[in-house]
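For reference, the structure discussed in these notes is given below.
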Amino acid sequence: MSRYTPLPVTRTRRALALLPLLGAIALAAACTTTEDPPGSAPATTSPATPSASAPPTDPPSPSASTRVTIPTSAFVELPAELRKSPRRTTPVEEALPKLCGNEFGTGGRQVTASAAMTVTYQKAGEPSSNVPQGMIHQSIFTFDGDGASGYLGRLRTALQACPSYDQSGNRVTVKSRALPGVGDEALLLTRTWPETSLNGERTGGTASSQIAVARVDTTVTVFDDQGWEGTSGNPAILDRVVRDGVRAIDAWQG
C-alpha cells in the first residue's frame with residue numbers, strides 16, 4: 001500500500017492561487033531589463049556599491065553611482081583625406097600608453113565611465129595602396145567631482161619619475177610640457193628612441209611619437225600616436241586630432 005498522503009483540499013487551492021501571482025512577478029522583472037542606446041562606444045560604468053580605493057598604479061576602476069554612457073560622437077573622426085580606415089572600438093587597457101608603469105591608468109574610484117577608439121591615418125594625397133603612416137588610440141574617462149583635475153595631477157607626478165624607460169632593447173626618453181589652448185588644461189609628451197630599419201638594425205637616426213592628454217571640465221581624453229611598425233608618428237596630424245577631439249567632447253557635453 002502506498003504511503004503517499006494527498007494534500008488537504010484547502011492547501012491545494014492555496015497553492016494553485018499563488019501561481020498567477022508568481023507568473024506576474026516574473027513577467028514584471030523581465031520587463032525591467034534595459035539596453036545601452038545604439039551608436040555608443042562600450043563604456044565601463046559604475047556599480048551601485050563602492051569598491052575599495054585603487055592604488056595610483058591601478059587601472060581606472062569605476063565605482064561612483066552616476067551612470068554615464070560615452071557616445072561614439074564624443075570621439076574624433078579623421079577627415080577623409082587622412083583616414084586610412086574607419087575608427088574602431090578598442091579596449092581601454094590596450095589603448096592607454098604605458099611608459100615606466102601604468103601612469104595613465106590612475107583614474108581610481110571617481111571614474112564614472114571609460115571607453116576607447118582607434119583611428120588609422122595616412123598622409124594626405126597618398127595612394128590607397130600605400131601602408132598607413134600610423135594610428136592614434138583615443139581613450140575617454142568621465143569623472144565625479146574633481147576627479148578629472150586629480151587625474152592630471154597624478155599623471156604629472158608620475159611623469160616626473162619617468163624621464164626614460166626601456167622598450168624592446170631600446171632606451172626611450174620622455175619629455176613633457178603644457179599644451180596651451182587645448183581644453184581646460186592639457187599635456188604633450190614626446191617619446192624619442194633610436195631608429196631601426198624594418199629588419200631591426202639601427203639606422204643611426206632617431207624616431208619619435210607623441211601622447212597628448214586634455215581635460216574638458218570633468219572629462220579627460222588621452223591620445224596616443226603610434227607610427228606604423230615602430231616608425232615615427234606625425235605631430236601635425238596628432239595636433240589636429242587633439243583639437244578636433246576636444247571640440248567633439250565639448251559638443252557632447254553641450
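Quick note: numbers below take in every heavy atom, side chains included, and nothing from hydrogens, waters or symmetry partners. If you read the sequence from its start, that first residue is 1, and numbering goes on from there.
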Derivation and outcome, salt bridge (Lys or Arg N to Asp or Glu O under 4.0 Å), residues R191 and D225: CA-CA 10 Å; R191 298 168 291 188; D225 181 19; over 6 Å; no
Criterion side chain to side chain contact (heavy atoms under 4.5 Å, CB included) on V119 and R83, from CA distance to verdict: CA-CA 8 Å; V119 294; R83 189 187 314 139; over 6 Å; no
Audit row: T221, Q138, side-chain hydrogen bond (donor to acceptor under 3.5 Å, both in side chains) steps and yes/no: CA-CA 7 Å; T221 183; Q138 181 186 5; 3.0 Å; yes
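Residues A214 and V182 come closest through the heavy atom pair CB-CG1, 3.9 Å. Taking both residues in full, the closest heavy atoms of C100 and S164 are given as SG-O, 3.4 Å, listed atom of the first, atom of the second, then distance. Closest of all the heavy-atom pairs between V216 and G183 is CG2-CA, 4.4 Å. In this structure, L99 and C162 approach most closely via the heavy-atom pair CB-SG, 3.9 Å. Residue A207 comes nearest to G230 through the heavy atom pair CB-O, 4.5 Å, listed as atom of the first residue, atom of the second, then distance. Scanning both residues, F104 and Y151, for their nearest heavy atoms gives O-OH, 2.6 Å.
Here the side chains of I237 and Q133 are in contact, with some heavy-atom distance below 4.5 Å. For the pair T173/W193, no side-chain contact is recorded, criterion being any heavy-atom separation below 4.5 Å from C-beta on.
Residues Y165 and L189 are members of one and the same hydrophobic cluster, defined by side-chain heavy-atom contacts under 4.5 angstrom among Ile, Leu, Val, Met, Phe, Trp and Tyr. V222 is not connected to M135 by any chain of hydrophobic side-chain contacts under 4.5 Å among Ile, Leu, Val, Met, Phe, Trp and Tyr, and they are in different clusters.
Applying the side chain to side chain donor-acceptor pair (under 3.5 Å) test to residues at least two apart or on different chains, the pairs with a partner in residues 243-252 are D239-R243, D244-R247.
Of the listed residues (T218, T219, T112), just one forms a side chain to side chain donor-acceptor pair (under 3.5 Å) with T142, and that residue is T112.
Note on K98 versus E93: no salt bridge recorded, every NZ/NE/NH1/NH2 to OD/OE distance being 4.0 Å or above. Residues R154 and E103 are not paired through a salt bridge, judged by the lack of any N-O separation under 4.0 Å between the basic side chain and the carboxylate.
Panel note: side chain R215, backbone D217; a donor-acceptor pair is recorded below 3.5 Å.
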